Amino acid sequence: MKADFSKPYDPKETEGKIYQTWLDSGYFNPDKLPGKRSKNYIVYMPLPNVTGTLHMGHALNNTIQDILIRYHRMKGFRTLWLPGTDHAGIATQYVVEKDLRKQNISRFELGREKFTEKVWEWKEKYGGIILDQLKKFGVSADWSRTRFTMDQSYAEDVFKTFIHYYEKGWVYRGLRTVNWCPKDGTSLSELELEYADAETKLWYIKYSPEITVATTRPETMLGDTAIAVNPSDKRYKHLIGKTVTLPIQNREIPIVGDIAIDLKFGTGAVKVTPAHDILDFEIGQRHKLETIQVINERAKMTAAAGKYEELKTIEAREKIVNDLKEMGLLVKEEKYQTRVAKCYRCGTIIEPIPSNQWFLKMDKLGAMAKQAIKSKKVRIRPKNFEKTYLNWLENVRDWSVSRQIWWGHRLPVWFHEPKCIPKKGHEKDSAKCEEMVVSLIKPECKYCEGKYVQSDDVLDTWFSSAIWPFGGLSKKDFENYYPGNALVTARDIINLWVARMIFSGLELKKKVPFTDVFINGTILTKDGRRMSKSLGTGIDPLNYINLHGADATRFALIWQASGQDIRWDEAAVMAGRKFCNKIWNASRFVLQKNTGIAKPSKALVGKTSADKKILKKLAAVKKQTGKNIENFEFSKALHDIYDFFWHEFCDVYIEETKKQEGGQEILFYVLSESLKMLHPFMPFITEAIYGNAGENKKLLMIEKW
RNA sequence: GGGCAAUUAGCUCAGUGGUAGAGCGUUCCGUUCACAUCGGAAAGGUCACAGGUUCGAUACCUGUAUUGCCCACCA
């Protein structure tokens, strides 16, 4: 398409058309790129949630990836940027449930099957929104390869991965005290918790003449199975090994010594409730303590709580405090500032309860992930994030991979019906019925008429995201496009996602999925606060596109993305817009003077000192820009080009040529080269102008850098 | 509690062992034809604070303060 220089640059009118031209070219698809391209450059897009809408973080993250892809495409690489969306487990289930609630339908009325159908409907209707928003940014991903983590082939890879781990003996089932959301009815990983400050009380309860404990949760005392003290604590040392009688329950419980106990806090003696506290559970494991569950999955007291059965935990707390008071066992209560863990989705206070979960052993996998960084097979930039990554792996716990929700990959685990109806001639084999089978397809019992029923649990959503670098590729694509090169993501998912992709790739495919991880900065508000929808501090990047164009917005993002955190300053978008105007007008000037020249000459020799100077400068800037991009120094690269274009080329050289004869070829050449350098950063306007430059038939996006 | 980072012009940020730069904003001047979304010029900083290394530190080291982020988590 031709740019119309009789008017000022209008991004609104131009960007849609340019994007369509790119789509029509097919060049987003590596298989359709022209020319010999012997080397690959592959970027795996961090999967946005299907429920998501674009925020500033996506905008920055995807602009960076687009710069990498466009640069390498122009450099002659066979470039693949793999896009997709994540089913996002509980996040999506939550959104759809909320939607249904408006129609007064609960998911329980619908039942599992109908509910998941509804989620699929929802996904078909709204799941593509975020990808369409990315297109407005100029994202040059290969949309023909777009994947969804619940696509059949992807899901199959997820199941195979689970089965692989199971067969290795790395998957186990265990009762474990987990963070449980009573509202969503699911366990949550530590990383899915949000903490909020809360004012509560610290109650001092006398367990024996010698032992008083301090607790914020007296209701859990009903499930206490020990008292723990620090073994070096002189006050209690002599009591270790003895027992006390648990008040109310009148149960004998042992006093154990454990180093996890802080001498300075409270009284130095701690009640241990393995069932309802994760740290206590670990203490319980160490001392082989019994686990007595007194709170159920709806946050009510169980039968084991005796007369408090069926009370909500808070009601039970009040009653118990009162009862203790009456018994004269409440020594004192004091105000206490604490932090309560809440569900990251619904904000409900989580309740640690023992629950049957599936775990993936992390010893071998964690070691592999660690080794990948230590051996420099994978580099994380900025480098200090390698520490974040390694620290996590140093003391990583086994990964709880099961979730009690309906939307997700159901575990490929099949349980035998309780009854056994032996097949004829197999009466003697009835004991051989396998209680549980892990298999991709529904198994049949060899010995009896009994059926297998699939587990109700689904896998943690990160379990499926962890295989994105290969689960997202067809068999043929896998051969051509695995492993990839770069992964650009935010720092908060270095452990949740990046580490898990690395060990998944190594274990399942024997190769690291990518060699470079770039952690982009976090965009904060101008006064340094986190951008978030719930705080009302978020900004919709599409507003900037509508007002000033995608190029100006991309400019603003990269212009400011020099450090880690960005305090977002809107003025930068205006600067980007002004720069667009400058590019547009300088191009008009140069191209009007060069109507007759088809291609810029390659081996130009400057005649005047101004000519020589600009050519020299251009060569230097171009070299430096390439280096900067390859080193993930995008902001530096943009500042250099900006400086060169505006202050060297426009302010000095163009003005100089007005005074001197000739030099048109050099003008034309420097402009063309500038457009190329600018293209990865500001793809729309540069492509639009390039269509006007001489007889260019080629799109700038595939022009040689 | 542990770790990481930041502190430079009114604002958002670069930067370097030898007395500081950009964008935006401000002030003044300028519309001869690429661009007033422009050009030219100017004002504006004891580079958080204290010590140390050095001939010399904003830059290197130590400490302090403030801020932010990550991880762990206190019963």
Side-chain angles (χ1 to χ4, degrees), chain A residues 5 8-9 190-191 193 195 200 202-205 213-218 220-221 224 227-229 258 260-273 276-280 283 336-339 341 382-392 394-397 490-495 519 521-522 524-530 548 552 555-556 559-593 633 635-636 638-640 642-643 646-647 649-652 654-655 657-658 667 671:
Chain A
F5 280 134
Y9 177 61
E190 289 161 56
L191 298 151
L193 303 179
Y195 290 88
T200 178
L202 199 55
W203 287 275
Y204 288 77
I205 304 166
V213 300
T215 180
T216 54
R217 301 206 55 198
T220 63
M221 71 179 286
D224 283 2
I227 293 292
V229 298
D258 197 286
I261 307 307
D262 181 356
L263 288 86
K264 292 181 205 118
F265 191 90
T267 60
V270 180
K271 61 193 268 321
V272 182
T273 324
H276 300 293
D277 185 285
I278 289 174
L279 187 69
D280 287 4
I283 296 172
Y336 185 64
Q337 200 64 35
T338 189
R339 297 200 316 149
K383 201 172 186 299
N384 51 302
F385 288 116
E386 292 191 349
K387 219 171 207 174
T388 307
Y389 176 100
L390 291 170
N391 274 349
W392 184 69
E394 284 305 330
N395 32 44
V396 67
R397 294 182 208 167
R491 71 165 84 97
D492 48 341
I493 52 178
I494 292 174
N495 303 324
I519 304 298
T522 306
L524 307 168
T525 62
K526 197 169 176 178
D527 51 338
R529 293 193 298 158
R530 194 165 245 295
H548 309 296
F555 175 94
W559 185 259
Q560 298 186 81
S562 49
Q564 268 295 302
D565 288 345
I566 299 161
R567 291 187 173 205
W568 178 252
D569 187 353
E570 295 199 333
V573 184
M574 290 312 297
R577 199 186 143 135
K578 281 164 84 170
F579 189 41
C580 284
N581 186 254
K582 192 73 183 175
I583 297 168
W584 185 256
N585 284 303
S587 301
R588 164 162 54 200
F589 177 77
V590 173
L591 294 176
Q592 274 169 354
K593 290 192 125 192
E633 307 251 36
S635 190
K636 207 178 267 176
L638 182 59
H639 278 85
D640 283 356
Y642 176 93
D643 251 14
W646 198 309
H647 301 302
F649 183 51
C650 294
D651 288 352
V652 178
I654 288 184
E655 292 309 315
T657 57
K658 288 178 183 170
L667 268 179
L671 176 70

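A, B, ... follow the sequence lines: proteins, then strands. Residue 1 opens every chain. What you see is a predicted model; the values in this text were computed from it and never measured.
Sequence order on RNA chain B of the closest nucleotides to A:His647 and A:Thr267 puts A:His647 first from the 5' end. Nearest-nucleotide mapping onto RNA chain B: of A:Lys526 and A:Ala586, the residue sitting toward the 5' end is A:Lys526.
For the P atoms, the distance linking B:U16 with B:G25 amounts to 27 Å, nearest Å. Across B:U12 and B:C28, the matching P atoms stand 26 Å from one another, rounded to whole Å. B:G56 and B:G52: their C1' atoms are spaced 14 Å apart (whole Å). Rounded to whole Å, the separation between the P atoms of B:A48 and B:C35 comes to 44 Å. The gap from the P atom of B:A9 to that of B:C49 amounts to 11 Å, rounded to the nearest Å. Atom name P, nucleotides B:U8 and B:A59: the rounded distance is 13 Å, in whole Å. A gap of 12 Å separates the C1' atoms of B:U19 and B:C47, to the nearest Å. The gap from the C1' atom of B:C61 to that of B:G17 amounts to 14 Å, rounded to the nearest Å.
Residue A:Ala575 is classed as a sugar-phosphate contact, given heavy-atom separations below 4.0 Å to backbone atoms only. Residue A:Cys650 is classed as a base contact, given a heavy-atom separation below 4.0 Å to a base. If you check every strand for non-hydrogen atoms under 4.0 Å, A:Asp651 touches sugar and phosphate atoms only. Contacts of A:Tyr642 with the nucleic acid, taken as non-hydrogen atoms under 4.0 Å apart, involve only primed sugar atoms and P, OP1 or OP2.
Among residues two or more places apart in sequence or in another chain, the ring pair (Phe, Tyr, Trp, His ring centres under 6.0 Å) test is passed with A:Tyr642 by A:Phe555, A:Trp559, A:Phe579, A:Trp646.
Contact annotation: A:Ser562 side-chain N/O to B:C13 OP1/OP2 distance is not under 4.0 Å. Not one side-chain nitrogen or oxygen of A:His639 sits closer than 4.0 Å to the OP1 or OP2 atom of B:U12.
Each of B:C24, B:A22, B:A75 was ranked by its minimum atom distance to the side chain of A:Ala571; first place goes to B:C24. Side-chain proximity of A:Arg588 to the nucleotides B:G23, B:A34, B:C24 is greatest for B:A34. Listed candidates were B:C74, B:C24, B:C11. Nearest to the side chain of A:Lys578 is B:C24. For A:Lys582, taking side-chain heavy atoms from C-beta onward, the closest of the listed nucleotides B:A75, B:A34, B:G23 is B:A34. When the nucleotides B:A75, B:G39, B:C13 are ranked by their closest atom to the side chain of A:Trp646, B:G39 comes out on top. For A:Trp559, the listed nucleotide lying nearest its side chain is B:A22; candidates were B:U12, B:A22, B:C4. When distances are taken from the side chain of A:Arg567 to each of B:G39, B:A5, B:U67, the shortest belongs to B:U67.
In RNA chain B, stems built from 3 or more consecutive Watson-Crick or G-U wobble pairs, each with both distances under 3.5 Å, span B:1-7 with B:65-71, B:10-13 with B:21-24, B:26-30 with B:38-42, B:48-52 with B:60-64.
A:Thr267 approaches A:Ala214 most closely through the heavy-atom pair OG1-N, 4.2 Å. The two residues A:Asp280 and A:Lys271 have their closest heavy-atom pair at OD2-O, 3.4 Å. Between A:Lys582 and A:Cys650, the closest heavy-atom pair is CE-CB, 3.8 Å.
Between the CD atom of A:Glu633 and the P atom of B:A14 there is a distance of 11 Å, rounded to whole Å. In this entry the distance linking CG of A:Leu524 with P of B:A6 reads 15 Å, nearest Å. Rounded to an integer number of Å, the gap from CG of A:Asp569 to C1' of B:G23 is 9 Å. As a whole-Å value, the separation of A:Ile494 CD1 from B:C71 P is 9 Å. Remark: P of B:A5 and CG of A:Asp565 are 13 Å apart, rounded to the nearest angstrom. Rounding to whole angstrom units, CD of residue A:Glu655 and P of B:C35 are separated by 11 Å. B:A36 atom P lies 8 Å from atom CG of A:Asn581, rounded to whole Å. The nearest whole Å value for the distance from the NE2 atom in A:His276 to the C1' atom in B:A75 is 15 Å.
For the pair A:Tyr389 and A:Ile519, the minimum side-chain heavy-atom distance is 4.5 Å or more.
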Item to check | Derivation of the side chain to side chain contact (heavy atoms under 4.5 Å, CB included) call for A:Ile283 and A:Asp277 | outcome: CA-CA 10 Å; A:Ile283 296 172; A:Asp277 185 285; over 6 Å; no
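Judged by distance alone, with hydrogens and angles left aside, A:Lys658 brings a side-chain donor or acceptor within reach of the base of B:A34, the pair sitting under 3.5 Å. At a cut-off of 3.5 angstrom, the base of B:C4 holds no donor-acceptor pair with the side chain of A:Lys387.
Judged purely by atom type and a 3.5 angstrom limit, A:Arg588 uses its side chain to pair as donor or acceptor with the backbone of A:Phe5.
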